[in-house]
Amino acid sequence: MKELEELFLPDDVQYTETHEWARDDSGSVTVGITDYAQDQLGDIVFVELPEVGDIFEEGEEFGTLESVKAVSEICMPVSGEITAINELLEEAPELVNQEPYNNGWIIKVKPDNPDEINNLMTSEEYVEMLKGEE
Amino acid sequence: MKELQGASGLILNEPLLWEKGKKGRCGFSMPRRDVVPSPVDEGLAGDGPDFPDLSEVDVVRHYTRLSQWNFGVDAGMYPLGSCTMKYNPKVNEREASLPGFAGAHPLLPPELSQGALELMYRLEQYLAGITGMDAVTLQPAAGAHGELTGMLLIRAYHKNRGSHRSKIIVPDTAHGTNPASAALCGFHPVAVKSGEDGIIPAEAIAAIMDEDTAGIMITNPNTLGLFEENIREIGEIVHSKGGLVYGDGANMNAVMGIVQMGKIGFDVMHLNLHKTFSTPHGGGGPGSGPVCVKDILKPFLPVPRIIKEGDKYTLSGDFPESIGKLQAFYGNFGVMIKACSYIMSMGSEGLKRASQLAVLNANYIKENLKDSLYLPYDRPCMHECVFSDKFQEGEKITTLDMAKCLMDYGFHPPTIYFPLVVHGAMMIEPTETESKEDIDHFIAALKAIVAEAGKDPDLLKRAPTRPKLRRLDETAAARKPCLAG
Amino acid sequence: MRYLPHTEEDISSMLHAVDAEDMDDLFSMIPGNCKMKGNLSLPEALTEWELNTLMDGLSKKIAVSPEYKIFMGAGSYNHYIPESVSYLLGRSEFSTAYTPYQPEISQGTLQAMYEYQTLVTRLLGMEVANASMYDGASALAEAILMAARVTKRKKVALSELIHPYYRDVVRTYLEPGDYEIVEMPSLGNGRTDISGVAGMDDLAAVVIQSPNFFGCIEDLRSTGEIAHNSGALFVLSFTEPLAYGLFKNPGCQGADIVCGEGQSLGIPQSFGGPGLGMFACHMKNVRDMPGRLVGKTTDMDGRPGFVLTLATREQHIRREKAKSNICTNNSLCALASSMYMASVGGTGIRELACLNYDKAEYLKRGLREAGFRISFDSPTFNEFVVEFGEDFKDTYKKLLKQRIVVGISLADWYPELSGRYLLCVTETMDREDMDALIKEVRS
């Protein structure tokens with residue numbers, strides 16, 4: 001497991017308490033899991049993805065990540081409609097481990113409310129939260 | 001410590017079945033053809049399966065070699081917590097393979113199957129006596145199947161009283177199958193946390209038990225190897241709100257002849273004949289999971305039931321409130337024969353002695369290892385004790401590393417990472433059939449491993465080195481599943 | 001007691017080590033009102049020799065072949081089992097091991113399970129098979145639950161020619177959920193009338209058995225088409241897998257889930273259990289499949305080996321969201337069937353299945369020539385229905401006394417078929433036995 005200072009927690013995304021990140025790309029929100037989450041889960045072997053067009057509330061489970069011996073739910077950082085899923089993950093789930101913020105993204109969402117993303121944590125706030133969990 | 005039990009002998013490689021053999025061989029003595037061939041509808045006939053053709057020698061060598069890559073109870077101590085890997089008596093195998101038993105057709109008329117029915121009836125009586133419950137069904141095939149049966153019985157009980165309850169309480173120290181079994185019956189499992197002493201506080205149950213809760217599933221002794229001391233009070237709370245208590249009896253090996261399950265508030269419980277009653281696990285099964293009930297649940301038991309009239313036995317399906325059938329026939333009869341043989345060989349005193357020694361062995365291990373391994377609940381245990389890898393965190397040595405290293409010392413590892421309430425759990429259940437010498441060796445091995453973790457942690461990370469294979473890549477297996485050749 | 005190794009000396013030194021006065025001390029945490037008073041009410045312990053005598057006696061109070069000629073099938077079949085299979089299965093390295101959670105020291109079980117999975121896929125024409133379920137009936141119930149998960153639907157069409165006990169088990173499993181069961185009746189030729197479900201809405205599965213309870217081979221291809229046209233899965237059940245040594249396998253005829261009883265393949269009848277629940281499907285549905293799976297991988301040194309895999313479907317990880325609650329399965333029975341399939345072989349299983357078919361046809365012909373009507377004219381395997389008439393009961397009882405069991409009366413399960421009997425013949429029945437039966441029923 002990585003120590004807190006070894007984690008990569010970029011500033012250009014927002015964070016949830018359930019360890020997802022969300023990035024606002026001019027109206028479309030890209031979602032993935034944080035470096036902390038992928039490190040805790042270990043080698044991810046399967047990603048269960050929603051279908052494009054599915055609609056979820058903020059905080060609702062939209063998919064699961066599986067490691068060899070654990071299943072972890074992934075939750076919506078904001079309410080909205082799924083506009084894209086990362087199909088690369090079907091063949092290469094390890095991308096979530098290797099590049100959690102780039103090619104390891106999971107879904108893209110059209111948010112119901114473009115401002116909702118601002119309710120999420122900044123990287124500093126997320127680090128503070130992780131310190132509390134230790 | 002004397003010489004290590006773990007050693008490398010001559011291990012032969014062996015290809016997959018279909019990489020052997022030659023077309024035209026056969027390892028089966030084909031019965032004489034005493035009738036003429038009959039035409040087969042051409043549209044229906046197929047090509048037959050693509051099986052390899054092997055001689056009898058090919059088959060015998062193949063499986064003999066494979067068997068030599070396995071570790072079983074007959075090879076050595078197998079202290080797998082929660083699994084009760086006790087010695088499997090050989091005479092039981094003889095009885096189960098008697099031609100009359102092995103060759104019995106399940107639909108024989110009762111007058112032609114009295115021996116089978118009598119054996120099942122006797123076993124029901126014995127299990128009722130051992131648990132102090134009122135009636136027994138032998139039909140469930142395994143522990144989880146028994147849980148499903150028990151949940152269906154509870155559901156039928158409530159339904160019969162015109163109530164539909166949606167929830168069931170499952171403590172965090174219950175067996176892993178419990179929530180899945182409850183969910184199959186449409187119940188929503190409600191988790192409850194055990195207290196700091198590892199047992200369930202009665203107040204925690206009082207706080208959540210309500211009239212929409214069908215009951216509680218409780219494992220006693222629990223998966224921390226501790227006796228649920230508040231069990232009677234918990235039972236009263238659940239009963240007062242109209243709920244029922246399900247007892248997971250997987251850990252019955254700790255309390256035979258000591259605790260009367262019928263008196264501690266259980267309305268229904270299952271037993272694992274493949275744990276407590278010595279039948280072999282067979283590399284994963286078959287087991288047998290009889291369910292014992294109090295009178296209030298008797299009308300709902302699966303059919304058919306065995307009825308004794310005078311000295312004759314029959315099967316009756318005439319129980320209109322029954323939950324129905326769980327298997328096509330009457331359960332795993334072959335397993336029942338072995339369990340019945342065991343009970344008859346042990347008798348009342350033998351069974352009680354077995355439980356006493358199982359508990360003595362576990363406490364002896366706990367006392368001898370608690371300075372080397374972290375013991376999260378330092379109190380007298382029942383038939384198993386749970387340690388963790390907390391003392392080894394500094395060396396970054398995990399429970400997994402220590403478990404793998406035990407193989408090199410000639411032991412099967414304990415259950416690891418269960419129960420979930422203990423981080424990095426190592427759950428050790430020696431059973432009563434391990435002698436003091438073997439247990440002393442096991443203790444010495446774990447102490448040596450702990451010492452090694454301090455000196456040369458890399459050695460543990462590389463373990464095991466003596467079995468046929470070293471650690472396997474489970475990630476690759478799951479990412480690109482290859483499930484057939 | 002010979003299974004308990006402790007001497008009095010061991011006990012006292014161990015009690016001392018745990019700081020206990022005596023055995024009772026170990027149980028001091030158990031409240032008094034939970035304790036058992038007095039001894040368990042069990043008979044006095046038997047010696048090994050007494051036990052043998054008692055069990056010999058009980059086992060002789062059961063009618064078995066070859067003393068009895070038993071023309072009974074209906075989900076449990078008498079087939080020859082090579083001694084080599086029984087012998088190998090008795091190796092305690094296999095039988096006394098637990099579920100192979102520690103792969104380094106369980107490669108024997110794991111490779112054998114991988115081979116079993118493979119042989120089952122080849123027999124049934126499917127892509128993936130699990131490492132076993134309890135029996136054919138519970139496997140069918142689980143298959144239907146799986147079909148409901150995959151299709152997210154709750155209506156199931158069930159042929160009335162599926163073994164009545166299997167349908168009972170299905171009802172038990174489905175009762176708690178709000179499933180709907182639609183029964184498909186039989187046609188006059190002994191096959192299922194599937195026409196009623198064509199185009200039916202919201203169907204999760206169309207389920208038939210082949211060979212069915214009357215021994216008749218069903219029309220799999222049409223059933224598959226009807227199921228698929230409704231967006232349902234085609235679930236096929238069986239009780240006699242040897243039939244697939246001769247007939248087309250279900251996979252090549254459109255089945256989505258194939259499940260059934262494998263007892264015929266080297267497992268003793270043992271009064272109905274333990275048997276072997278076989279379960280197979282296609283890879284696209286593997287994550288909805290119940291039960292344990294073994295997969296191929298490599299070890300740290302790159303050598304090939306096997307592990308339990310895709311365990312996230314199972315109860316110990318996914319808990320209440322698991323695909324099934326099954327944990328202990330019937331692994332050793334699966335091993336027996338693998339040993340049996342390997343012993344009989346590809347060429348052998350064809351020959352053996354033909355022999356079974358021909359023997360049953362011989363008896364069918366003989367009975368027909370003796371003046372009895374064979375109820376259904378569809379092709380059958382091993383089993384078929386004969387009309388002996390309403391007044392046959394006395395003859396049936398008389399023949400029991402002559403140690404002949406003339407099949408099973410269908411009246412209890414199908415009241416409209418009273419006077420009809422389901423007869424079974426396998427390779428274990430000699431021509432003389434069949435000739436004797438024909439002679440007796442004719443008189």
Do B:Arg353 and C:Ile11 have side chains that get closer than 4.5 Å, going by heavy atoms?
-> yes

For B:Glu56, is it the side chain, the backbone, both, or neither that has a heavy atom closer than 4.5 Å to a heavy atom of chain C?
-> side chain

Provide the closest heavy-atom pair for B:Gly283 versus C:Pro100 in the form atom of the first, atom of the second, distance.
-> O-CD, 3.6 Å

With a 4.5 angstrom heavy-atom cut-off, which part of C:Arg319 approaches chain B: side chain, backbone, both or neither?
-> both

Given side chain to side chain contact (heavy atoms under 4.5 Å, CB included), test B:Arg33 with C:Asp358 step by step and report yes or no.
-> CA-CA 9 Å; B:Arg33 174 172 270 286; C:Asp358 293 337; 2.8 Å; yes

Residues C:Ser76 and B:Pro106: closest non-hydrogen pair is OG-CD, 3.3 Å

Taking atom OG of C:Ser41 and atom CD1 of B:Ile130, what is their separation to the nearest 0.5 Å?
-> 8.5 Å

Choice from B:Asn361, B:Val36, B:Asn368 maximising heavy atom contacts with chain C below 4.5 Å = B:Asn361

Would you find a donor on one side and an acceptor on the other, under 3.5 Å apart, between the side chain of C:Tyr114 and the backbone of B:Ala484?
-> yes

Is a side-chain donor or acceptor of B:Asp53 paired with a backbone partner of C:Thr347 at a separation under 3.5 angstrom?
-> yes

Donor-acceptor pair, side chain of B:Asn88 and main chain of C:Thr96, under 3.5 angstrom = no

Contact leader toward chain B among C:Met113, C:Arg171, C:Glu127, C:Glu175, where contacts are heavy-atom pairs under 4.5 Å = C:Glu175

Non-hydrogen atoms of B:Pro31 and C:Leu355 that approach each other most closely | O-CD2, 3.6 Å

For the student: nearest non-hydrogen atoms of C:Pro176 and B:Leu152, plus distance | CG-CD2, 3.5 Å

Determine the option with the most heavy-atom pairs under 4.5 angstrom with chain B, choosing from C:Met14, C:Glu48, C:Glu351, C:His316.
-> C:Met14

So SG of B:Cys482 and CD of C:Gln117: to nearest 0.5 Å the spacing works out to 10.0 Å

Any sub-3.5 Å donor-acceptor pair from C:Arg122's side-chain atoms to B:Asp50's backbone N or O?
-> yes

Under 4.5 Å from any heavy atom of chain B - which part of C:Asp301 = side chain

Partner set under side-chain hydrogen bond (donor to acceptor under 3.5 Å, both in side chains) for C:Arg350, not counting sequence neighbours = none

Check: C:Leu310 and B:Pro481 side chains under 4.5 Å, non-hydrogen atoms = yes

Looking only at heavy atoms, what is the nearest atom pair of B:Leu66 and C:Glu115, with distance?
-> CD2-OE1, 4.0 Å

Under the side chain to side chain contact (heavy atoms under 4.5 Å, CB included) rule, what do C:Gln111 and B:His62 come out as? Steps first, then yes or no, please.
-> CA-CA 11 Å; C:Gln111 180 169 330; B:His62 181 76; 3.8 Å; yes

Honestly, the part of C:Ser338 sitting under 4.5 Å from a heavy atom of chain B is both

Residue set satisfying side-chain hydrogen bond (donor to acceptor under 3.5 Å, both in side chains) with C:Arg431, at least two apart, ordered chain then number -> none

Side-chain donor or acceptor of C:Thr118 paired with backbone N/O of B:Gly485 under 3.5 Å = yes

Kindly indicate whether the side chain of B:Pro286, heavy atoms from C-beta on, has any atom under 4.5 Å from the side chain of C:Leu332.
-> yes

With chain C, which of B:Leu80, B:Leu148, B:Asn363, B:Leu107 has the greatest number of heavy-atom pairs at distances under 4.5 Å?
-> B:Leu107

One option among C:Ala322, C:Cys327, C:Ser65, C:Pro103 has the most heavy-atom pairs under 4.5 Å with chain B, and it is C:Pro103

Test item: C:Asn330 side-chain N/O and B:Gly285 main-chain N/O as donor-acceptor pair under 3.5 Å = no

How are the rings of B:Tyr87 and C:Tyr3 set relative to one another: parallel (under 30°), tilted (30 to 60°) or perpendicular (over 60°)?
-> tilted

Contact check, side chains of B:Leu483 and C:Thr309, non-hydrogen atoms, under 4.5 Å = yes

Of the backbone (N, CA, C, O) and the side chain (C-beta and beyond), which part of C:Ile217 lies under 4.5 Å from a heavy atom of chain B, both, or neither?
-> side chain

Partner chain C: residue of B:Gln114, B:Glu367, B:Gln327, B:Glu93 with the largest heavy-atom pair count (under 4.5 Å) | B:Gln327

Between the CG atom in B:Leu119 and the CZ atom in C:Phe271, the distance rounded to the nearest 0.5 Å is 10.0 Å

Before giving the answer on side chain to side chain contact (heavy atoms under 4.5 Å, CB included), spell out for C:Leu335 and B:Tyr63 the whole-Å C-alpha distance, their side-chain angles and the decisive distance to 0.1 Å.
-> CA-CA 10 Å; C:Leu335 179 61; B:Tyr63 286 103; 3.8 Å; yes

How many angstroms lie between CD in C:Gln102 and CG in B:Leu472, if you round to the nearest 0.5 Å?
-> 11.0 Å

Given a strict heavy-atom distance threshold of 4.5 Å, which part of B:Arg470 is in contact with chain C: side chain, backbone, both, or neither?
-> both

Pair C:Asp56-B:Arg94, salt bridge (charged side-chain N to carboxylate O under 4.0 Å, His left out): steps then yes or no | CA-CA 10 Å; C:Asp56 287 348; B:Arg94 171 204 186 264; 3.2 Å; yes

Do C:Tyr362 and B:Ser38 come within less than 4.5 Å of each other through their side chains, counting heavy atoms only?
-> no

For the atom pair NE2 (B:His105) and CG (C:Asn78), what is the distance rounded to the nearest 0.5 Å?
-> 8.5 Å

Distance from B:Glu95 atom CD to C:Ser59 atom OG, nearest 0.5 Å?
-> 8.5 Å

Under a 4.5 Å cut-off applied to non-hydrogen side-chain atoms, are B:Trp69 and C:Ile105 in contact?
-> no

Just give me the residue among B:His145, B:Glu474, B:Gln68 that pairs up with chain C most often, heavy atom to heavy atom, under 4.5 Å.
-> B:His145

Is there a donor-acceptor pair closer than 3.5 Å between any side-chain N or O of B:Asn332 and the backbone N or O of C:Gly273?
-> no

Side-chain heavy-atom pair B:Val59, C:Ser84 within 4.5 angstrom cut-off | no

Minimum heavy-atom separation for B:Lys263 to C:Lys35, with atom names?
-> NZ-O, 3.0 Å

Please tell me if the side chains of B:Phe28 and C:Ile349 come closer than 4.5 Å, counting only heavy atoms from C-beta onward.
-> no

Would you mind telling me which of B:Ala183, B:Ala476, B:Ser181 has the largest number of heavy-atom pairs within less than 4.5 Å of chain C?
-> B:Ser181

Residues C:Leu15, B:Tyr364; criterion side chain to side chain contact (heavy atoms under 4.5 Å, CB included); working and verdict = CA-CA 8 Å; C:Leu15 281 171; B:Tyr364 183 76; over 6 Å; no

Which one, B:Glu432, B:Met85, B:Glu349, B:Arg232, leads in non-hydrogen pairs under 4.5 Å with chain C?
-> B:Arg232

Under 4.5 Å to a heavy atom of chain B? For C:Lys359 that would be both

Do we see a donor-acceptor contact under 3.5 Å between the side chains of B:Asp473 and C:Thr297?
-> no

Could you tell me whether the side chain of B:Asp34 and the main chain of C:Asp430 form a donor-acceptor pair under 3.5 Å?
-> no

